[in-house]
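Let me begin by presenting the structure, written as C-alpha cells, before commenting on it.
Side chains are part of it too, since the values below use all heavy atoms of this structure and drop only hydrogens, waters and symmetry mates. Everything quoted here is computed from the prediction, not taken from an experiment. The chain is numbered in sequence order, starting from 1.
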Amino acid sequence: MNARALYEALLDTDGPIDSWLDQAATADYRARLHTTAVPHDQWWTDDADLLEELYALGRVSDFLLLDPQLPPYLNLFTTLGMTPILEQTPFDPFLHEITEVEQAEDPDSPVEILDVRHPGLMLGELLFNRAGVRVRAGAAHAERGVADRWPLFWTHRRAHRPTRDLSQGWGGNSQWRTDFRLDYRTADGDLLNVAEDAPIDGRPDLAPNAYGGLGPDERLLTPAERRELLRHRTLLRVPAAPAAADAAWAAELWPFEWRLPDGINEPG
C-alpha cells in the first residue's frame, strides 16, 4: 500500500481514509515516514522511493485542501505522526503560504497574518506542508495579485492559483517518480531544498551561458528575487525585469534544483 493508492481512491470515491490508515499502521508506514523526520546521513541519497512516497502523500494533502474538511485532514496526518501548524504566529515563509493579500495603505507595512485558512504540518524537523494564511502587507513586501496569485512552485494543486511541480506534463506512472522537496528546520538553521545541489546564483566557474549555469529564464531574476522564490515558493512582487512578468516566462522557469550556499537559510 502507498499514498498513490489513497490519492487515486480519493478521486474515485469518498471515505477511504480510515481503511487506508488501518493498512498503513499494519505495514509500519508511520515508522517508515519517521525516518525522514531529521536530515540524518543524507538519507535521501539512498532512498529515492521514500522521496517519491512523500511526494505522493503531498498530492493527497493538496487534493484534500481543494475543499478543506479540517477534522478528516488533521486526523489523517496526525495519525501518521505529524504536528499541525495552526497558531496565528508572526509571518514566517518557512511555515506560511500566502493565500490572500489585503493591501495595506502604507507600502512599507510588514506582512501580518490576519487568519489561518488551512493548517500546516511538520514531521519532526521536516516541513510537510505550510499553513495557508491571509495577510495584510504593504506593496513593498507583498503585492496583491502577485504574492497570492503568481504560480506556486513545488506544489501540485491549489484551488485559487496556478501551480508547478515536476510531475506536470507526464502521464501514467512517470508523474509519480517526482521527488518531494525537503525543507528542514533544525537547531542550526533552516535547510531549504536540501536534496538538490544547483547553486542558486549559478556556478562561478562557468560562463553565464554555459550548460550547467543559470539558464536565460533564471537570469531574468535578481539574486534577491531568486531567494524570495526559493523561500516562498513564489514571488511576492512583480519582478524587476519586464520580460519576467510574462506568464510564458514563468512556465519555462526551472527553480526546482536551486539550493542556497551550504544549504543554510541566509538572513533577510
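Heavy-atom neighbours of Arg32 CZ from other residues, nucleotides or ligands within 6.0 Å: above the threshold of 12.
The two residues Asn2 and Glu53 come nearest to each other via the heavy atoms CB-OE1, 3.3 Å. The minimum heavy-atom distance between Pro119 and Leu74, with the atom names listed, is CG-CD2, 3.8 Å. The minimum heavy-atom distance linking Asp179 with Tyr55 is given by the pair C-CB, 4.1 Å. Heavy atoms only, all atoms of each residue included: Thr36 and Tyr184 are closest at O-OH, 2.6 Å. Nearest heavy atoms, His118 versus Thr99: CE1-CG2, 4.4 Å. Across Asp217 and Trp249, no two heavy atoms sit closer than the pair O-NE1, 3.0 Å.
Put simply, the side chain of Gln103 gets close to the backbone of Ala137: a donor and an acceptor are under 3.5 Å apart. Counting only distance, with no hydrogens or angles, the side chain of Glu102 and the backbone of Arg134 share no donor-acceptor pair below 3.5 Å. No donor-acceptor pair closer than 3.5 Å links the side chain of Asp28 to the backbone N or O of Ala31. Between the Glu196 side chain and the Phe256 main chain, no donor and acceptor come within less than 3.5 Å of each other. In terms of modelled atom types and a separation under 3.5 Å, the side chain of Arg130 and the main chain of Phe94 share no donor-acceptor contact. The backbone N or O of Glu52 sits nowhere less than 3.5 Å from a side-chain atom of Trp176 that would complete a donor-acceptor pair. For Gln88 (side chain) and Leu114 (main-chain N/O), a donor-acceptor pair under 3.5 Å exists by modelled atom type. With hydrogens and angles disregarded, a donor-acceptor distance shorter than 3.5 Å links the side chain of His141 to the backbone of Asp108. No donor-acceptor pair under 3.5 Å is formed between the side chain of Arg157 and the backbone N or O of Arg59. Side-chain atoms of Glu218 never come within 3.5 Å of backbone atoms of Asp201 as a donor-acceptor pair (strictly under, hydrogens ignored).
The distance from atom CG of Leu51 to atom CH2 of Trp44, rounded to the nearest 0.5 Å, is 9.0 Å. The line from OG1 of Thr178 to CG of Asp165 is 6.0 Å long, rounded to the nearest 0.5 Å. Once rounded to the nearest 0.5 Å, the distance linking CH2 of Trp154 with OG1 of Thr163 reads 13.0 Å. In this structure, Asp62 CG and Leu152 CG are separated by 9.0 Å, a value rounded to the nearest 0.5 Å. Note that OG of Ser61 and CG of Leu66 are 9.5 Å apart. Values are rounded to the nearest 0.5 Å. The OG1 atom of Thr222 sits 8.0 Å away from atom CD of Glu228, with the distance rounded to the nearest 0.5 Å.
With a 4.5 Å cut-off between side-chain heavy atoms of Ile, Leu, Val, Met, Phe, Trp and Tyr, the cluster of Val133 takes in Phe91, Ile98, Val101, Val111, Ile113, Val116, Val135, Leu236.
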Point to revise | Derivation and outcome, side chain to side chain contact (heavy atoms under 4.5 Å, CB included), residues Trp254 and Leu166 | key: CA-CA 10 Å; Trp254 194 268; Leu166 290 175; 3.2 Å; yes

Review point. Step by step, would you call Phe180 with Leu57 a side chain to side chain contact (heavy atoms under 4.5 Å, CB included)?
Key: CA-CA 9 Å; Phe180 184 77; Leu57 198 59; over 6 Å; no

Point to revise | From CA spacing to verdict: side chain to side chain donor-acceptor pair (under 3.5 Å), Thr186, Asp188 | key: CA-CA 5 Å; Thr186 74; Asp188 295 324; 4.9 Å; no

Point to revise | Criterion side chain to side chain contact (heavy atoms under 4.5 Å, CB included) on Met82 and Asn129, from CA distance to verdict | key: CA-CA 10 Å; Met82 299 188 189; Asn129 189 48; over 6 Å; no

Point to revise | Criterion side chain to side chain contact (heavy atoms under 4.5 Å, CB included) on Val146 and Thr234, from CA distance to verdict | key: CA-CA 9 Å; Val146 180; Thr234 191; over 6 Å; no

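The aromatic rings of Trp20 and Tyr29 stand perpendicular to each other, their planes meeting at an angle above 60°, with 30° marking the opposite boundary.
Among Arg158, Arg231, Arg233, the single residue meeting the salt bridge (charged side-chain N to carboxylate O under 4.0 Å, His left out) criterion with Glu97 is Arg158. Screening Leu33, Leu54, Asp183 for a side chain to side chain contact (heavy atoms under 4.5 Å, CB included) with Leu126, the sole residue that qualifies is Leu54.
You'll find the side chain of Asn75 reaches within 4.5 Å of the side chain of Asp18, heavy atoms only. The closest side-chain heavy-atom distance from Trp150 to His232 is not below 4.5 Å. Using a 4.5 Å heavy-atom cutoff, the side chains of Leu191 and Leu182 are not in contact. No side-chain heavy atom of Pro84 sits under 4.5 Å from any side-chain heavy atom of Phe77.
Asp197 has no carboxylate O lying under 4.0 Å from a charged side-chain N of Arg259, or vice versa, which leaves the two without a salt bridge. Taking a cutoff of 4.0 Å between a charged side-chain nitrogen and a carboxylate oxygen, Arg117 and Glu100 qualify as a salt bridge.
Checked by atom type, the side-chain pair Arg161/Thr155 shows no donor-acceptor distance below 3.5 Å.
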